[in-house]
Amino acid sequence: MLTKTVISFPGIGIENFSVDNVAFTIGENFSVYWYGVIITLGIVLAFCYATFRGKYEKIVLDDIIDIAIWTVLLGVLGARLYYVLTSLEDFIPKPFNFGEFIKNVVNIRNGGLAIYGGIICGMLGILIATRIKKFNTLKLFDMAGPGVMIAQSLGRWGNFVNGEAHGTIVPENSPLYFIRMGLLPNEDSYNTMYYYHPTFLYESLWNLIGFIIINLFYKKKKFNGQIACMYLAWYGFGRMFIEGLRTDSLYVGIFRISQLVGLACFVVFGGLLVAGLIYSKKFDDPYANLTKFDEIIKPSMEMNPVFFAKTASADEIKTDGQGKTQNTELDQGEEQNGENN
């Protein structure tokens, strides 16, 4: 099995160097790959970030560990199943043998994890765990979102070590030609180095920038779930364009699946973000003009602020010495459901 790849970035002065995708070997036959090590480190970073935000949301470490177990297990399972279901023909042996098929499905050492499947089932894990523990699910989504983002930023370097998840050959007249990545061997030749879009790097930087920006908004969030919406909209928007450069996309018909899902994430969660900001502003402002629908849902939001991190009720509107009204805000970190002290 080929383990070494020759890589270069001549546009920024990095000449040919060799990368071995094996981190270390246990015994004579069991190899531990850098890809697995890097993905594991990403999971640890995401957990550490959630723990850090748990102090703000007043959720203790033991509860975060319990929720993380559900999230990680279902996330890995979802990432694998998503990949298998979207490239099923690669896993079905010919002639068909059920035992061999199951072996192919569970053998993640041969690669094949799809981040969207991990996100979907990871969110399902959070939902299940928070319903059992009676925590605010949206707060946990907020705690997890930026952590997943930094894990994705790191995880793409596992693709770099494997010499995979790259884009098409970069034309010489492209504004991105300076960042071209040379690979040998590659899908076009075993002897000639070709220069491709380093889409792993594009996505890593996109996620890192998004993490920095979104993290700055965390303590200023207006409603629970805002950070998760920002993450999913940001990631979906970037992935939608980056996926268009890749050569290994999964397809449904003539469409790249990850581009469609990226577009859906941007539209749906971007829309939820805008709607949430509009309604949080309305409910914080005692002078806001409310529609009949607003007046119907406002009391329930004030009594049980699951969604809105800031709400203003009649009891919270105080009058200052000049006869003007002003709002006091609920503590954003107050855990409404199931706080453990």
> Walk me through it: do Tyr231 and Gln152 pass the test side-chain hydrogen bond (donor to acceptor under 3.5 Å, both in side chains)?
CA-CA 12 Å; Tyr231 154 57; Gln152 288 177 261; 2.6 Å; yes
> Flag the pair Leu201 / Ile179 as yes when at least one side-chain heavy-atom distance between them is below 4.5 Å, and no otherwise.
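In contact.
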> Taking the six-membered ring for Trp, are Phe237 and Trp206 parallel (under 30°), tilted (30 to 60°) or perpendicular (over 60°)?
tilted
> State the CZ-CG distance between Arg156 and Leu205, to the nearest 0.5 angstrom.
12.5 Å
> Does a side-chain heavy-atom distance below 4.5 Å link Ile64 with Phe47?
yes
> Please indicate whether Phe255 has more than 12 foreign heavy atoms, meaning atoms of other residues, nucleotides or ligands, lying under 6.0 Å from its CZ.
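Atom CZ in Phe255 is not crowded, with 12 or fewer foreign heavy atoms closer than 6.0 Å.
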> Please tell me if the side chains of Pro10 and Arg180 come closer than 4.5 Å, counting only heavy atoms from C-beta onward.
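The answer is yes; the side chains approach within 4.5 Å.
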> Could you tell me if the side chain of Thr51 sits less than 4.5 Å from the side chain of Leu61, heavy atoms only?
yes
> Between the side chains of Asp66 and Lys133, is the shortest nitrogen-to-carboxylate-oxygen separation below 4.0 Å, so that they form an ion pair?
yes
> Counting only heavy atoms not in Phe98, do more than 12 fall under 6.0 Å of its CZ?
no
> List for me each residue that meets ring pair (Phe, Tyr, Trp, His ring centres under 6.0 Å) alongside Phe9, sequence neighbours excluded, and say none if there are none.
none
> Report yes if the side chains of Lys222 and Tyr279 come closer than 4.5 Å at any heavy-atom pair, otherwise no.
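No, side chains not in contact.
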> Is the number of heavy atoms from other residues, nucleotides or ligands under 6.0 Å of Phe217 CZ greater than 12?
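It does not: Phe217 CZ has 12 such atoms or fewer within range.
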> Kindly confirm or rule out a cation-pi arrangement of Arg239 over Tyr235, judged by NZ or CZ under 6.0 Å from the six-membered ring centre and within 45° of its axis?
no
> For side-chain hydrogen bond (donor to acceptor under 3.5 Å, both in side chains), just list the numbers for Tyr195 and Asn186, CA-CA rounded to whole Å, side-chain angles, deciding distance to a tenth of an Å, and then say yes or no.
CA-CA 10 Å; Tyr195 298 93; Asn186 52 66; over 6 Å; no
> Between Lys221 and Glu57, is the closest basic N to carboxylate O distance under 4.0 Å?
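Judged by the 4.0 Å cut-off on N to carboxylate O distance, Glu57 and Lys221 do form a salt bridge.
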> Decide side-chain hydrogen bond (donor to acceptor under 3.5 Å, both in side chains) for Thr168 and Thr247; before the verdict, give the C-alpha distance in whole Å, the side-chain angles of both, and the deciding distance to 0.1 Å.
CA-CA 6 Å; Thr168 56; Thr247 60; over 6 Å; no
> Is the shortest side-chain heavy-atom distance between Leu124 and Ile120 below 4.5 Å?
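Contact flag for Leu124/Ile120 side chains = no.
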> Are the side chains of Tyr49 and Asn215 in touch, meaning some heavy atoms are under 4.5 Å apart?
yes
> Do Tyr194 and Ser189 have side chains that get closer than 4.5 Å, going by heavy atoms?
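They are in side-chain contact.
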> Using 0.5 Å steps for rounding, measure from the OH atom of Tyr82 to the CD1 atom of Ile257.
5.5 Å
> Regarding Arg256 and the six-membered ring of Tyr251, is the cationic atom NZ or CZ under 6.0 Å from the ring centre and inside 45° of its axis?
no
